[in-house]
Amino acid sequence: MRTRHRRARLAGAALAVTVSAALVAGCTAGTTRPQAEGAEPGIGTGSGRPTTTEEQVPLQADRYRASPGVVAAGGADAVYNYGPTVMSDGGRTRMWWCSQYGSAAPPGDDILYAEANSPDGPFAGLAGERGIPEAVLSGNPGAFDGVHTCDPSVIRVDGTYYMYYTGAAGSHELGNSIGLVTSADGRHWTRPGTDPIVRPAHDTHRDNTYGAGQPAAVYLDGWFYLMFTDTTGRAAGWNGAGQFLLRAKDPTFSAGVQALGPQGFTEVPHTETARTNSLVDAFSADLMWVDALDAFAIAHQTDKGTTITFWNREFTATPYQPVTIPDEWEEGPGLLRRPDGHAPVSLDDPCGRVPIDVIHATVIGRAKAPTDLRHYGLDLHGLDACAEPERALAVLDGFAMPSPVRTMDLVTDGKVVRVDRRSVAEKLAGVVLDERLPVLDRLPVDVRLRPGARAVEAPGLGAGFLLDGTLWPVTSAEVVELNGSPAEPVSREEWEDYPAGPILGLRG
């Protein structure tokens with residue numbers, strides 16, 4: 001196994017950027033697959049987007065943190081560990097990353113999985129001996145990812161896990177493309193087909209023959225966003241550096257695809273459309289949506305650590321000044337995100353703080369490849385995320401807290417629901433506060449869930465409450481019982497005839 005590592009500087013800018021690069025080999029000769037990298041030091045500017053004249057808001061940072069040591073590693077023969085995707089999910093921290101097991105056929109990159117109580121680890125597998133992380137995705141011989149699977153990005157939408165990843169059939173040039181697998185639990189994955197969902201655009205060919213890969217996925221307002229590297233993209237730097245963006249309401253990106261160009265999002269016929277706009281001159285970046293800032297955040301490598309840059313909802317402006325998490329870098333950040341790819345909400349100050357945490361490789365190991373995954377983070381503060389009602393509803397989604405009349409107020413899907421029984425509110429909420437936040441006094445109550453409220457259930461569709469003539473489906477039938485609301489059987493046709501309200505309960 002051989003690795004090349006380069007230090008680089010952003011052309012025409014004072015900010016130095018570090019590009020991690022590795023030639024990752026399989027366990028047998030001839031299966032090497034290049035990481036995205038430049039042939040010489042330096043990163044191209046390649047953007048093409050008009051610069052914004054809006055003033056960037058400075059963000060304050062404190063509570064800098066770092067794990068005391070390595071937080072995760074594969075088994076004994078896993079000599080490299082990098083490119084993680086990290087999910088905060090119901091009190092657990094779940095992580096998938098790129099490694100290699102000799103026991104996982106075929107020889108090549110594998111994607112491992114483990115869990116921990118916090119980003120500081122230790123991350124352990126759920127199956128096998130001594131909690132060793134398990135390989136959950138490996139090459140599929142005969143397909144585009146026949147040898148290598150790497151660089152995972154995992155989100156969960158409506159109960160389905162979607163993993164976007166880099167796949168390659170071998171060491172041939174421009175062999176990397178982006179694939180998609182799905183799962184009901186995040187451990188057992190199904191391939192919908194043998195073809196990738198994103199191939200290299202082939203706008204131009206450079207010395208860097210990596211191709212397309214290193215995806216980062218986010219779900220927002222019904223759209224699946226996919227950011228990725230493509231060294232053949234027109235707007236990439238001279239050495240292939242750059243991050244491109246597609247979005248679609250179809251998670252497979254097989255229909256209704258929009259690409260981000262210099263003038264914003266435009267519809268394109270397929271995912272191999274020309275790459276005309278790069279968001280950041282970097283390889284191996286990660287993406288998330290921050291409700292408290294009403295902005296996307298991109299994490300990428302710089303000489304001082306992990307730099308976070310921000311874009312507004314339509315990627316037309318950068319509303320905040322970048323911030324940097326000081327840390328030791330070798331490869332690829334995984335932002336700690338909620339299942340939908342959104343930033344976690346601060347529990348002690350949801351309106352005034354944003355926790356930002358990353359896990360990434362920190363050294364080149366004995367196999368001359370990135371390894372030693374560690375956790376770093378900070379808090380952004382000095383903001384008022386609840387100053388505007390619409391943003392407050394987004395930030396506090398899933399929060400329940402006392403109301404002024406000895407009931408509980410639940411924020412869900414942009415609505416405030418007054419729930420008479422605390423036990424019901426606790427079942428429906430992701431976070432329960434003992435003290436009321438003042439911002440809720442400025443938001444109207446949309447509907448009230450009283451004990452014994454009428455409930456219905458339909459075959460294959462579950463149960464829901466009928467509140468003011470609107471059907472509010474619930475994610476758990478236990479909520480109906482807790483509320484003392486016997487569910488009245490109705491047909492599927494009757495269910496679908498009711499005006500539809502938001503879903504009550506934890507989603508994702």
Side-chain angles (χ1 to χ4, degrees), residues 24 26-27 33 71-90 92-116 119 121-141 143-157 159-169 176-194 196-197 213-217 251-252 286 332 334 336-337 339 341 359-361 369-371 373 508:
V24 179
C27 295
R33 177 187 63 82
V71 301
D77 65 341
V79 290
Y80 53 87
N81 301 271
Y82 66 91
T85 181
V86 193
M87 180 184 293
S88 178
D89 184 11
R92 299 175 296 167
T93 302
R94 312 180 69 182
M95 184 163 69
W96 300 256
W97 71 93
C98 187
S99 188
Q100 187 178 109
Y101 280 167
S103 58
D109 290 339
D110 306 305
I111 292 174
L112 308 189
Y113 172 73
E115 298 182 2
F123 284 82
L126 303 183
E129 185 180 3
R130 298 186 302 278
I132 294 173
E134 58 188 316
V136 295
L137 192 69
S138 299
N140 185 25
F144 83 98
D145 57 351
V147 175
H148 299 289
T149 57
C150 194
D151 309 316
S153 182
V154 179
I155 58 175
R156 189 179 72 225
V157 179
T160 297
Y161 291 82
Y162 298 91
M163 179 192 290
Y164 299 86
Y165 65 98
T166 308
N176 291 319
S177 296
I178 297 171
L180 170 66
V181 290
T182 61
S183 172
D185 61 7
R187 294 176 58 201
H188 304 90
W189 296 91
T190 300
R191 285 176 166 89
T194 58
I197 64 168
Q214 299 178 328
T252 68
D286 203 5
L336 178 63
R337 313 182 308 170
I359 295 177
H360 58 72
T371 194
L373 293 166

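Atom OG1 in Thr149 sits 10.0 Å away from atom CD in Gln100 (nearest 0.5 Å). Separating the OH atom in Tyr113 from the NE2 atom in His188 is a distance of 10.5 Å, to the nearest 0.5 Å. To the nearest 0.5 angstrom, Ile155 atom CD1 is 7.0 Å from Arg337 atom CZ. Note that the SG atom of Cys150 and the CD1 atom of Ile111 stand 6.5 Å from one another [nearest 0.5 Å]. Between the CD atom in Gln214 and the CD1 atom in Ile178 there is a gap of 9.0 Å [rounded to 0.5 Å]. Residue Asp109 holds its CG atom at 9.0 Å from OG1 of Thr166, rounded to the nearest 0.5 Å.
In this structure, the side chain of Asp286 does not engage the main chain of Thr85 through any donor-acceptor pair within 3.5 Å.
Between the side chains of Ser99 and Asp110, no donor-acceptor pair is found at a separation under 3.5 Å.
Taking the ring pair (Phe, Tyr, Trp, His ring centres under 6.0 Å) definition, one finds that Phe123 meets it with nothing, sequence neighbours left out. Partners of Phe144 by ring pair (Phe, Tyr, Trp, His ring centres under 6.0 Å), not counting sequence neighbours: none found.
Annotation: side chain of Val181 is not in contact with side chain of Tyr161 (no heavy-atom distance under 4.5 Å). Taking 4.5 Å as the limit, every side-chain heavy atom of Arg94 sits out of range of all side-chain heavy atoms of Val154. In this structure the side chain of Thr252 never reaches within 4.5 angstrom of the side chain of Pro192, judged on heavy atoms. Side-chain contact between Pro215 and Asp151: present, with at least one pair of heavy atoms (C-beta onward) separated by less than 4.5 Å.
Taking every heavy atom of both residues into account, Ser88 and Pro339 meet most closely at O-CD, 3.3 Å. Contact between Asn176 and Ala168 at its shortest, heavy atoms only, is OD1-CB, 3.2 Å. In plain terms, the two heavy atoms of Pro122 and Ala116 that are nearest each other are O-CB, 3.5 Å. Minimum interatomic distance between Tyr82 and Ala361 (heavy atoms only, all atoms of both residues): CB-CB, 3.9 Å. Here the shortest heavy-atom pairing between Ala143 and Ala169 reads O-CB, 3.8 Å. When all heavy atoms of Ala105 and Ser138 are compared, the closest pair comes out as O-CB, 3.6 Å.
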Q: Go through the steps for Thr93 and Val86 under the test side-chain contact (heavy atoms from CB on, under 4.5 Å), then give the verdict.
A: CA-CA 7 Å; Thr93 302; Val86 193; 3.6 Å; yes
Q | From CA spacing to verdict: side-chain contact (heavy atoms from CB on, under 4.5 Å), Trp97, Met95 | A | CA-CA 7 Å; Trp97 71 93; Met95 184 163 69; 3.8 Å; yes
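Applying the side chain to side chain contact (heavy atoms under 4.5 Å, CB included) test between Arg191 and each of Leu180, Thr182, Asn140 identifies Asn140 as the sole match.
In this structure, Trp189 and Trp96 have perpendicular ring planes: the angle between them is above 60°, well past the 30° mark. Ring geometry for Tyr164 versus Tyr162: interplanar angle under 30°, hence parallel rather than tilted (30 to 60°).
Among residue pairs with one or both ends in residues 179-188, those qualifying as salt bridge (charged side-chain N to carboxylate O under 4.0 Å, His left out) are Glu134-Arg187; sequence neighbours excluded.
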